[in-house]
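Atoms considered below: every heavy atom in the structure, side chains included; atoms not considered: hydrogens, waters and symmetry mates. Computed from a prediction, not measured in an experiment: that's the story for all the values here.
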Amino acid sequence: MRWYIRGHALDYDRWERQDGCSGWSYANVLPYFRKAQNHELGADAYRGGNGPLRVTTRHQPNELFDVFVEAGIQAGYNFTEDLNGYCQEGVGMMDATIAEGKRWSAATAYLHPALRNPACNLSVYTKRHASKIILNTNTNKAVSVETITPDGKSAESFVATKEIIVAAGAINSPQLLLLSGIGDANDLAKAGVKVCHHLPGVGKNFQDHLDLYLQWECLKPITLHDASYVGNQVLYGLEWILLRKGMCASAHLEAGGFIRTRAGIEHPDLQFHFLPGALTGQLDPGDKHAFQVHCSTMRATSRGHLELRSTNPLDAPRIHANFLATQDDVEDLRRGVRLTQEIIHQPAFDDYRGAPISPSTDVVTDDEIDAWVRSSAHSAYHPCGGCKMGAVDDTAVVDPHGRVRGVDGLRVIDSSIMPSIVSGNLNAPTIMMAEKLADDVLGILHSRLPMLQYMYTLIGPRNSVESSAVDTAVAGGTRSYIVLGFPSSMLRHANMKFIDQFHTRHVFFAQICKTTMPRNGEHDVRVSRIADHT
C-alpha cells in the first residue's frame, strides 16, 4: 500500500515492555524511521529528510477530504498536522510513498539503486522460489538454501558462509521455516515434514487488521465515479503517461485519522481512511456518485495461525485468520461503525451526504450491526506475527536481533516478526525494522554507534531532535549473506545473493509486508531531549 503510517509510539514501547524486545522502544526505533524517510516537507524532530524512501502528501485535490477533516473536528476530535509525528490522535491528511507521480516502493528506494551500484556486489536470481533451508545436523547452523523453479523443478542451491536472512514476508517466512523442519514438532509430523528444530511458535500469533467500508451517496458530482467511464480513463491515463500528474498519480485515500473506540484506552485503536468514491467489493467502482470511510480496528485480541497445506513449497499455506473470535473485537468494530456514522452526520457533510448505501438504514441494533460486520468485513492486508519476536515466552520464534531461536546463522527480518500488530498500516514499520536490523546484522547498533536514549516528558516543549547519520562501509571480504525475499535497507550494506520470492502465485501479500505508524499517548508524550551514551 502507498500509505506511510508509522503506528503509535506506545506500540513499540509495548514490544519492549510486554514481549521483552529490548532495544525496540519508540526511543530506539524513531531514528530508523527518520533514517529511511525523505519527506517533501523536510526533516524535523519526527520526519527524515535525507533517506531513500520518498514521502509526500496532498496529491489530488478534492473538497471532500477537507469536509471529512472538518466533520471530524465538529465531532470533537482534534486536527493533527502529522499523523506520524507529535500527535497521532485526531483527523488530518495522510502521508504516502508517492513521488514523481508514481509509487515510491521499497524496491524503488532500495533495490533498484543497489542494482545500479557495483559496490553492493548484489546478485539477483529471478524465477526462483526458496524451498528449504538446510541445517547442519551437528551444529544446528543454517548453511544453505535450496530453490525451485516456478514449475517445481530443482534449481540452484546457495551456500552461506555467514548468515541466511529470511525476508519473504508475513506468509512465506513462517511457511519456509516449516518446510525446513523448523516449527512445532507435532505439527511438522502431521504435515509429513522431518523435524530439524522444535520451535512451537512458528506460524502462530498470526494477526491482521479488519477493514470495513461505510458508504453514502454523494449529493454533488465531485467523486471518483466519473473515472469509471472508459473515455475519462483514457484521458486520465494519457495525462499520467505524459505529465505524471492527475487522477492516476494518487491513491485517493488522502484524509484519515485515529480515534479511540471507548474511554480508558491508552492510545487510539480505530483508524479511518476517507475515499471520495465508493467500491463494490474491494476493487470494482460503484454505480453512482458516493463516498466511503474505511473503518479499521487497530489492535484486535483475536489470534490466528497458518499451517502447511502440503510439503510442496508452491502450495499456499492454510491461513486461519480467526477474525472476531473474541467479544472485545466484535464490540470494538460495532463501536467503530457508530463512531464513523457520527462523523459523517456532522454539519460539514450536510451539503454532500445522501442516503446511506452500506450499511443500510435497516441496520440499527447491536445484533444487526454485528451481522453486517461479519458479512462485510475483510482483510486490510496487514498480516504479521507468524515468526514472533520476543524473549519472555516460549512462543517467540526470533530474539530481538531477528535471530531464530536455537538455530545459528539464521534470521527473519520482515513483518512476520512483529510480536503484536501496530496501530496503522505496516509498510513504514517494516522498512524501519529492516533498517534497524540491517545495522544489527553488521554489528553497528551495539558496537559502533552510540546508544541514543530519548528522554520523554509530558506536555513538554516540542524541540528538534539532533540526529547524526552514521554510514559505515562494510567490506565484502568473506561475509556472504543469502537473503530470501526483499531485505530493504540491507541491500546497500553487504555482499548478498537475492532470491526473488515474488513470482509465485500464492504470494498475495507484499513480501516485505508494509506498515506505518505515529505516536501520542493518553497524555501527549513528546521528545524533549536526546542524550548520547556510549
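Within the 3.5 Å criterion, the main-chain N or O of Ala185 finds a donor-acceptor partner in the side chain of His198. Thr147 places a side-chain N or O within 3.5 Å of a backbone atom of Glu156 that can act as its donor or acceptor partner. Of the possible polar contacts, none joining the Gln18 side chain to the Glu16 backbone as a donor-acceptor pair under 3.5 Å is found. Judged purely by atom type and a 3.5 angstrom limit, Arg405 uses its side chain to pair as donor or acceptor with the backbone of Ala396. Between the side chain of Ser415 and the backbone N or O of Thr430, no donor-acceptor pair lies under 3.5 Å. Judged by distance alone, the side chain of Arg303 and the main-chain N or O of Ala300 form a donor-acceptor pair under 3.5 Å. With Thr395 contributing its side chain and Gly201 its backbone, the two residues share no donor-acceptor pair below 3.5 Å. Side-chain atoms of Trp15 come within 3.5 Å of backbone N or O of Ser420 as a donor-acceptor pair. Although no hydrogens or angles enter the test, the distance criterion places no donor-acceptor pair under 3.5 Å between the side chain of Asp269 and the main chain of Arg299. Not a single donor-acceptor pair under 3.5 Å links the side chain of Asp208 to the backbone N or O of Ser379.
Scanning both residues, Val166 and Ser173, for their nearest heavy atoms gives CG1-OG, 3.3 Å. Here the shortest heavy-atom pairing between Asn140 and Cys196 reads OD1-O, 3.9 Å.
Residues Asp440 and Arg411 have side chains in contact (heavy-atom distance under 4.5 Å, counting atoms from C-beta outward). Side chains of Pro174 and Leu306 form a contact here, defined as non-hydrogen atoms less than 4.5 Å apart.
Salt-bridge check for Asp13 with Arg17: failed, with every basic side-chain N at 4.0 Å or more from each acidic carboxylate O. Using a 4.0 Å cut-off between charged nitrogen and carboxylate oxygen, Asp95 and Arg47 do not count as a salt-bridge pair. Arg260 and Glu89 are joined by a salt bridge, as a carboxylate oxygen and a charged side-chain nitrogen come within less than 4.0 angstrom of each other. Electrostatic pairing of Asp19 and Arg14 does not count as a salt bridge here, judged by no charged N lying under 4.0 Å from a carboxylate O. A salt bridge links Lys388 with Asp393; the closest basic N to acidic carboxylate O contact falls under 4.0 Å.
Note: Asn322 CG to Thr301 OG1 = 10.0 Å, rounded to the nearest 0.5 Å. Rounded to the nearest 0.5 Å, atoms CG (Leu410) and CD1 (Ile182) are 5.5 Å apart. Ser154 OG to Glu146 CD: the interatomic distance, rounded to the nearest 0.5 Å, is 7.0 Å.
Considering Tyr213, Trp3, Phe272, Phe274 in turn, Tyr213 is the only one that fulfils the ring pair (Phe, Tyr, Trp, His ring centres under 6.0 Å) rule with His294.
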